Q: 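The structure's right below; bear with me while I get my questions together.
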2 protein chains.
Amino acid sequence: MQSRLRLPDRKSKVTVKEVAQRAGVGESTVSRIMRNKGPVAEETRKRVMEAVRATGYVPNRIAGSLASLDSHLVGVVIPSLSNIVFPEVLQGIHAALWGSENQPVISVTEYDIDREEAVVRGLLSWQPSAILIAGFEHTEATRRMLIQSDIRVVEMMDIDAVPIDIAVGMSHRRAGYATGRYLVGRGYRRFGYAGHDWNADRRARLRYEGLVDALRDAGLTIAAEAIAEAPSSVGVGKEMTARLCTHEPKLDVIVYSNDDMAVGGIFHCMGAGITLPDQLAIFGFNGLDIGRELPQPLSTIRSNRFLIGRTAVEKAFESAQRPPEPSVIDTGFEVFTGATA
Amino acid sequence: MQSRLRLPDRKSKVTVKEVAQRAGVGESTVSRIMRNKGPVAEETRKRVMEAVRATGYVPNRIAGSLASLDSHLVGVVIPSLSNIVFPEVLQGIHAALWGSENQPVISVTEYDIDREEAVVRGLLSWQPSAILIAGFEHTEATRRMLIQSDIRVVEMMDIDAVPIDIAVGMSHRRAGYATGRYLVGRGYRRFGYAGHDWNADRRARLRYEGLVDALRDAGLTIAAEAIAEAPSSVGVGKEMTARLCTHEPKLDVIVYSNDDMAVGGIFHCMGAGITLPDQLAIFGFNGLDIGRELPQPLSTIRSNRFLIGRTAVEKAFESAQRPPEPSVIDTGFEVFTGATA
DNA sequence: CTGTTAGCGCCTTCAA
DNA sequence: TTGAAGGCGCTAACAG
């Protein structure tokens, strides 16, 4: 009776050894078969697969990853799951990863870069093959870890900065500028801006700056703004709109930090009997489904979240080695002319 | 020169051994310190932490998990990320897991039980401490794997069946029944139903059945129904509503398979100049934010997705051992009286 | 309080 | 086409 008492209370796990014995082959043969790798006689394969089924063997990937020094894991870091755009990015990631050996491991930061640091440290300890992370705003420690890890790192959503390794996204500054140009072109002159918490959302601020630039180039300014300290939501959009509607002289257009906010604006107008776009025009950002289905479709800018996720994966796996220079992929955007502006 | 060429192309990884040598201590001391476990002299800790910082050491959890036979991983299986209710469940899971040693690993099935089987197999190979999975509809193989795994398994969302181990959710059948009772009580008599693909969404069907029961108990039936083959969305809700609006005699209320669909119904009515709830009443399911912010708040049933996620985690970690009998936790629901029914 | 010693379950190498 | 052997990096047990 040796130190055999170390087994966990779990039902004694089935291991390769057991399968190998049952099938009367060596362990490495079982291993090869489970991974469809290396030459195996059809005869042997059958015998082994039978043993696998009989025992209910499930390979232990923890042991496998350790032995092969390859986890086939992809770390994904996003700020939130409640903002629908991030689940959409995840869908792109899932789609691109589906069928490959790799599996995403998702972590959420709640827009907190200290939390992000903890989360990245946690992910790196799983030895992922790549990290896909939203945005450019990280703590110094996070940046260091990411750089030192020497795995591929994709910073998603945004391309208005120099990435650690790869950036995949769109220029929010240019989107803001395009918004301004479009609206000026449509004849709007008295601009309002309804926004949400910028500290957490650098990209919203970039769009705002782009907008201001476009207006300046047209000899205009933003006449009134209402910026909430809360994260964006339909409710907050309603509130900010109500506030801006008291402004004199009356605004003729309000630009929103995103579609959720803009939908709130539309709901406010519906309730207050303000007709769109004659009495007031409304412009959002993102191109969410909900905006398209409104009685009057929301005018907005379409970003391509799914494509960002998919492209991030593709670029991350293009090569295991980081090139000497960082690269930037622009997934673009387009102005969508709805009925509200 | 031996077989030292086996190092991966990665920058030579820092391991415990290296840290231990630099700090002039044994490996297990470093290990203890990294895990804040066991007694350690403050003096030693400092010296080791310095070496950790100097080397940029990140412990390898793959190796750690293998050695300790504990992955601290929780597998989460959900059908989709585009339906906002699942991200909400995830938030509850994240919240409950935050601060614990455990980390969720999320997989998405796209409402496909064969895909679910593959996904569950993949998750189990990571030796998770528990599996949290949405719904009761699994392949036989999935059920077998889950049962044999001998870890805690929580089936979420639904409680209208006998779970493998634990169920956390609400009775969709009773919610459907409550909907019927409520609407009959409000005086509605000519019922329409607008639904989405049932094959993928068993819970929607349960609600429908509950509704039919309630109507039968009141001597009523559903006069007209429009059921799409597509997944639920605002757009599909609009379409189905348009279809039902041609029905003669006119319906006085439409029950929707969920809030997304119902919001589509509201948008249709807005566009068609149908006043709510006089000409037509509308009732949803879920209690999403968007419904509350509409000019006229949507009448609906509030389910508690966040609570489901949180409770699932709590129950899963109550004990590592499965009790002989499965257990069921009801997170409840409530009728929300908005302005549309 | 700390170091030594065996593995954890699998994969890779290498020889057969 | 197959098997044996030696780690992968860390932790648990135990002795000091």
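Residue numbering restarts at 1 for every chain, and letters A, B, ... go by the order of the sequence lines. Atoms considered below: every heavy atom in the structure, side chains included; atoms not considered: hydrogens, waters and symmetry mates. From a predicted model like this one, the values you see are computed outputs, not experimental measurements.
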Q: From C-beta outward on B:Ser68, which listed nucleotide comes closest to its side chain: C:dC8, D:dT11, C:dC10?
A: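 Selected nucleotide (nearest to the side chain): D:dT11.
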Q: Whole angstroms only, please: what is the CZ-C1' distance between A:Arg61 and C:dC10?
A: 13 Å
Q: Round to a whole Å and report the spacing from CG of A:Asn60 to P of C:dC11.
A: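 One finds 9 Å between P of C:dC11 and CG of A:Asn60, rounded.
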Q: Please report the distance, rounded to the nearest Å, between CD in B:Gln127 and P in C:dC8.
A: 14 Å
Q: What residues, two or more places apart in sequence or in another chain, satisfy side-chain contact (heavy atoms from CB on, under 4.5 Å) together with A:Val85?
A: A:Asn83, A:Asn286, A:Leu288, A:Arg305
Q: How many whole angstroms separate atom NZ of A:Lys13 from atom P of C:dC10?
A: 11 Å
Q: Enter the inter-axis angle for the ends of the helix from C:dC1-D:dG16 to C:dA16-D:dT1 (five pairs per end, rounded to 10°).
A: 30°
Q: What is the distance, rounded to the nearest whole Å, between atom CH2 of A:Trp126 and atom P of D:dC10?
A: 13 Å
Q: Write down the distance between CG (A:Asp70) and P (C:dG9), rounded to a whole number of angstrom.
A: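 Going from CG in A:Asp70 over to P in C:dG9 covers 21 Å.
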Q: Identify, with sequence neighbours excluded, every residue that meets salt bridge (Lys or Arg N to Asp or Glu O under 4.0 Å) alongside B:Glu137.
A: none
Q: For a quick test of your reading: what N or O donor-acceptor pairs under 3.5 Å do the side chains of residues 51-58 of chain B make, sequence neighbours left out?
A:
{"unit_1": "B:Thr55", "atom_1": "OG1", "unit_2": "B:Ala51", "atom_2": "O", "d": "2.7"}
{"unit_1": "B:Thr55", "atom_1": "OG1", "unit_2": "B:Val52", "atom_2": "O", "d": "3.1"}
{"unit_1": "B:Thr55", "atom_1": "OG1", "unit_2": "B:Tyr57", "atom_2": "N", "d": "3.4"}

Q: Atom CG of A:Leu66 to atom C1' of D:dC8: distance rounded to whole Å?
A: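 After rounding, the reported distance stands at 4 Å.
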Q: Could you go through residues 35-43 of chain A and list every donor-acceptor pair under 3.5 Å that involves a side-chain atom there, pairing it with any protein atom two or more places apart or in another chain?
A:
{"unit_1": "A:Arg35", "atom_1": "NE", "unit_2": "A:Ser31", "atom_2": "O", "d": "3.3"}
{"unit_1": "A:Arg35", "atom_1": "NE", "unit_2": "A:Ser31", "atom_2": "OG", "d": "3.3"}
{"unit_1": "A:Arg35", "atom_1": "NH2", "unit_2": "A:Ser31", "atom_2": "OG", "d": "2.8"}

Q: Would the distance check show the side chain of B:Gln91 and the main-chain N or O of A:Leu81 forming a donor-acceptor pair, the cut-off being under 3.5 Å?
A: no
Q: Distance check: side-chain N/O of B:Tyr57 vs OP1/OP2 of D:dC10, anything under 4.0 Å?
A: yes
Q: Taking salt bridge (Lys or Arg N to Asp or Glu O under 4.0 Å) as the test, write out the residues that go with B:Arg47, two or more places apart.
A: none
Q: Report the distance from atom OG of B:Ser71 to atom CH2 of B:Trp126, rounding to the nearest 0.5 Å.
A: 9.5 Å
Q: What residues, two or more places apart in sequence or in another chain, satisfy salt bridge (Lys or Arg N to Asp or Glu O under 4.0 Å) together with B:Arg144?
A: none
Q: The criterion is salt bridge (Lys or Arg N to Asp or Glu O under 4.0 Å); which residues satisfy it with A:Asp165, sequence neighbours excluded?
A: A:Arg152, A:Arg322
Q: Return the residues of residues 20-47 of chain A meeting this criterion: a heavy atom under 4.0 Å from some atom of DNA chain C. Order them by number, or give none.
A: A:Ser28, A:Ser31, A:Arg35
Q: D:dT11 C1' sits how many Å from B:Lys17 NZ, rounded?
A: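 My rounded result for the distance is 15 Å.
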